[in-house]
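Below: one structure, written as structure tokens.
All figures in this text were calculated on a predicted structure; none of them were measured in a lab.
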Amino acid sequence: MRAGAKVMEKFPYEEFRRGQKESITLISKFLGRTIVLKAPTGFGKTVVALLAHKDADRVLYAVRTRNEMVPVIREAKKLNIDYSFIFSGRRMCPLLMGSDVRPEDFWVNCRILRFKGLCEFYANLDRVPYQDKLSNILCGSENDPRQIVRSIVNQLRVCPFFALVNKAYSSKLVIVTYPYLFQEEIFRTAFTDLSLSDYYVVVDEAHTILNPQSIIEGELDEVTLDNAIKEVKQYCPSEEVIKYLMNIKDLLKRVRSRLLKRVEKAFIYPGEGTIQLLEDTLMEIKLKQLRDLTVRPADFIRLGSSLNRVLKFLTYVRRDGFQVYGVADSAEGVRKLKVMPINYDEITERLSEAKGVLLMSGTLPPKEIMDSVCGQETVYVDVEEEFGSVFPRENAFYAVVTYVSSSYKLRVKEMFLKYADLLTTIYHALDKGVILAVYPSYPFMDEVTVNIADIPDQVVEGKGTTYADVVDTVLSSGGKVVIHAVASGKLTEGIELLDEAGRSLIRVVVLMGVPYPQPDDYLIDLRRSLSERLGDKAATDLTTSVPAAIRVLQAVGRAIRSERDRAFIILADRRFLSLKLRTFLGIHYDAVVSSKNRLSELIIKFFQGYL
């Protein structure tokens, strides 16, 4: 039987979308290389990736969040692939359900309870013959990993994390969240007897790797330091430890900027001797907490340690290729230290260990950029470039508005009023549906939204905004609602609003300016570091136009989810006409608009079917 016929035989849907069969064949042919698959949202990348790896012995499929595991689990079942999945151990822990604790605290507490034989769920792994029943649960009708974990706890009474880890050793497919791929120490909590070299790796939403700080980052604030000092004084007084923590607190008091400002690592890192003292102090505190505890292990697992958070922060500070920054977070009213990678080394080194790599996203930059980031020539598959549009081109209309700009030198009251008026014009031109307005930053969004008075139903993204908040507003609105979101935030990266027929409710996406990264010390350091390795041009592109283009395309992807969706896309900034941005966006502009009346006319005609 020919390879194409085998693929058709296994394909779980009535027909292939354009480019799916060809992509499966290409990826299968080059397994063992670093392959890049650029395909739009709704193309069906998941089923393509799984079928392309049908002959691979072990596959590690990495997604950003546990919610993004759902479609992978669903497709794995349709293809009868033996699978397991692993996400945050603390989110799975039956002793902790309904409560929260920092990851670093959880793992210290978990290790102590397991060592002392005080966790019945972990002990039951050796007492209860659970393997067959676990397989039945994984093959059941539920695709939500959280619900599957609850079933494991309720039906088997075993630790779901370690049960799924044990299952992973015999599974062809293991679905994990990013930390289990990109952070060696977290990978080791699950895969003690395996390495990445045992796996072919699939990375979903792979554009994320171009922003290394979004994958690996440490943080320390004033509250944590205050609590760490109190903790040490209460349980294990140590003048040296307290003096060190007080010095860091004094340094934080000098942080004033709302933008990331560089802090010399020498001012933060105390040396290996003090690190060892901090680790010994932490363990002594934990053992005293356990001795003092006269109730259930479920109470011990919830105990946090601010000193442990300090130690976690310092593990990143000690690494080469990481830099420390201070920032005064006005939204939370606290000063923070952040430690972040200033190159791609942590990411590319991890990927280089795998048998082969497939990087997938709808918003990846051109081949030469991906080759530079990966440090090798990739096999680059641009589905729409090679096989044609996946969805009808006429389903989207792109208009550039030239009388506004979010350029820093133009951020004055008059410009904010123009943006507010623009959004109001769009709102009144649309008969129904959701308008997604995407801003370069929170401060910029605040300056615009404060000037909007004529839009009754709105959601303004904040630190605590949830998907449920958005859904509630959409459902309670009179048919029209504006969602104000920040580029690269939780809403533009993950929101999906569909009607009962599965069509997108987002009918208009407005880019309220070009979402370039903010110009802070981190961006300067990242650009300098990348320039040394990749050259000035690639470094500049990777820290300006490339992330801006990715953020735009991510926002657009919220509206066009299938061939049935139609959306009007507004690029509200004259700088979208620049050749560099147009190149990275790869978008054909349908109109360039210099007046709000013309824009209103185009929106009305598009949804009436005249454009």
Side-chain angles (χ1 to χ4, degrees), residues 56-63 65-66 68-70 72-73 76-77 81-97 101 103-140 142-202 297 301 350 353-355:
D57 48 354
R58 293 178 183 272
V59 179
L60 193 72
Y61 196 119
V63 298
T65 68
R66 59 187 174 184
E68 292 170 347
M69 289 182 165
V70 174
V72 190
I73 292 173
K77 288 180 181 178
I81 297 173
D82 185 35
Y83 78 96
S84 185
F85 64 84
I86 301 167
F87 61 86
S88 169
R90 68 190 172 109
R91 300 294 186 194
M92 290 194 196
C93 179
L95 297 176
L96 200 57
M97 285 186 176
V101 67
E104 57 270 17
D105 293 324
F106 167 77
W107 282 111
V108 171
N109 297 348
C110 175
R111 187 163 59 248
I112 291 172
L113 290 178
R114 283 184 282 126
F115 178 74
K116 291 186 170 291
L118 296 175
C119 177
E120 63 167 309
F121 295 94
Y122 182 77
N124 282 345
L125 292 169
D126 292 327
R127 300 170 184 162
V128 178
Y130 66 88
Q131 289 83 355
D132 290 342
K133 291 181 180 178
L134 174 62
S135 294
N136 291 336
I137 291 172
L138 289 172
C139 293
E142 184 57 67
N143 297 322
D144 186 333
R146 289 166 294 192
Q147 296 301 326
I148 294 173
V149 164
R150 290 191 182 98
S151 295
I152 293 171
V153 173
N154 294 335
Q155 296 180 35
L156 308 182
R157 303 298 294 173
V158 298
C159 171
F161 178 84
F162 285 104
L164 289 165
V165 163
N166 292 341
K167 178 72 171 64
Y169 279 83
S170 61
S171 298
K172 175 185 176 67
L173 171 69
V174 184
I175 310 157
V176 299
T177 45
Y178 274 8
Y180 288 92
L181 169 61
F182 292 114
Q183 299 186 48
E184 169 73 16
E185 67 277 13
I186 296 178
F187 179 88
R188 283 288 156 220
T189 64
F191 302 95
T192 54
D193 298 322
L194 290 170
S195 69
L196 275 183
S197 62
D198 294 303
Y199 287 95
Y200 290 91
V201 169
V202 178
I301 199 73
R350 291 292 292 161
E353 296 178 26
K355 279 186 176 180

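Side-chain contact check for V202 versus L60: every heavy-atom pair is 4.5 Å or farther apart. Contact annotation: the side chain of I137 approaches that of L156 to within less than 4.5 Å [non-hydrogen atoms, C-beta and beyond]. Looking at heavy atoms from C-beta onward, L134 lies out of side-chain contact with V158 at the 4.5 angstrom threshold.
Distance alone, capped at 3.5 Å, places no donor-acceptor pair between the N166 side chain and the A163 backbone. S84 places a side-chain N or O within donor-acceptor distance of the main-chain N or O of L164, the cut-off being under 3.5 Å. For the pair T192 (side chain) and R188 (backbone), a donor-acceptor distance under 3.5 Å is absent. Not one N or O on the side chain of Y130 forms a donor-acceptor pair closer than 3.5 Å with the backbone of R157. Here the side chain of R350 pairs a donor or acceptor atom with the backbone of L181 at under 3.5 angstrom. K77 places a side-chain N or O within 3.5 Å of a backbone atom of E142 that can act as its donor or acceptor partner. Side-chain N or O atoms of K172 include one that pairs as donor or acceptor with a backbone N or O of A56 at under 3.5 Å.
In this structure, I86 and V165 approach most closely via the heavy-atom pair CD1-CG2, 3.9 Å. A76 and L173 get closest at one heavy-atom pair: CB-CD2, 3.8 Å. Residue P145 comes nearest to V70 through the heavy atom pair CD-CG2, 3.8 Å, listed as atom of the first residue, atom of the second, then distance. The shortest heavy-atom contact between S197 and K355 is O-CG, 3.2 Å. The shortest heavy-atom contact between V153 and P94 is CG1-CB, 3.8 Å. Counting all heavy atoms, side chain and backbone alike, R66 lies closest to F87 at NH1-CE1, 3.9 Å.
Within 6.0 Å of atom CG in D132, 12 or fewer heavy atoms from other residues, nucleotides or ligands are found, so the atom counts as exposed in its surroundings.
Distance check, rounded to the nearest 0.5 Å: CG of L95 to SG of C159 gives 8.5 Å. In this structure, the separation between CD1 on I148 and CE on M92 is 10.0 Å, given to the nearest 0.5 Å. Note: T177 OG1 to Q183 CD = 10.0 Å, rounded to the nearest 0.5 Å. With values rounded to the nearest 0.5 angstrom, W107 atom CH2 is found 12.5 Å from E185 atom CD. How far CG of N136 is from CD of Q131: 12.0 Å, rounded to the nearest 0.5 Å. Atom CG of L118 and atom SG of C110 lie 11.5 Å apart (nearest 0.5 Å).
Applying the side-chain hydrogen bond (donor to acceptor under 3.5 Å, both in side chains) rule to pairs touching residues 144-153 yields N67-R146, D144-R146, sequence neighbours excluded.
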Next item on the list: Check the pair Y199 / F191 against ring pair (Phe, Tyr, Trp, His ring centres under 6.0 Å), numbers first and verdict last.
Entry: CA-CA 11 Å; Y199 287 95; F191 302 95; 5.8 Å; yes
Item checked: L194/R58 under side-chain contact (heavy atoms from CB on, under 4.5 Å): CA gap, chis, key distance, verdict -> CA-CA 11 Å; L194 290 170; R58 293 178 183 272; 3.8 Å; yes
Notebook entry, point to check: Step by step, would you call K167 with S135 a side-chain contact (heavy atoms from CB on, under 4.5 Å)?
Noted result: CA-CA 8 Å; K167 178 72 171 64; S135 294; 3.6 Å; yes
Notebook entry, point to check: How far apart are the C-alpha atoms of D105 and R90, what are their side-chain angles, what is the distance that settles it, and do they pass the salt bridge (charged side-chain N to carboxylate O under 4.0 Å, His left out) test?
Noted result: CA-CA 9 Å; D105 293 324; R90 68 190 172 109; over 6 Å; no
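The aromatic rings of Y180 and F161 sit tilted relative to each other, their planes meeting at an angle between 30° and 60°. Relative ring orientation between F85 and Y83 is described as parallel, the plane-to-plane angle staying below 30° on a 0-90° scale split at 30° and 60°.
A ring pair (Phe, Tyr, Trp, His ring centres under 6.0 Å) with F162 is found for one member of Y122, F121, Y169 and no other, namely Y122.
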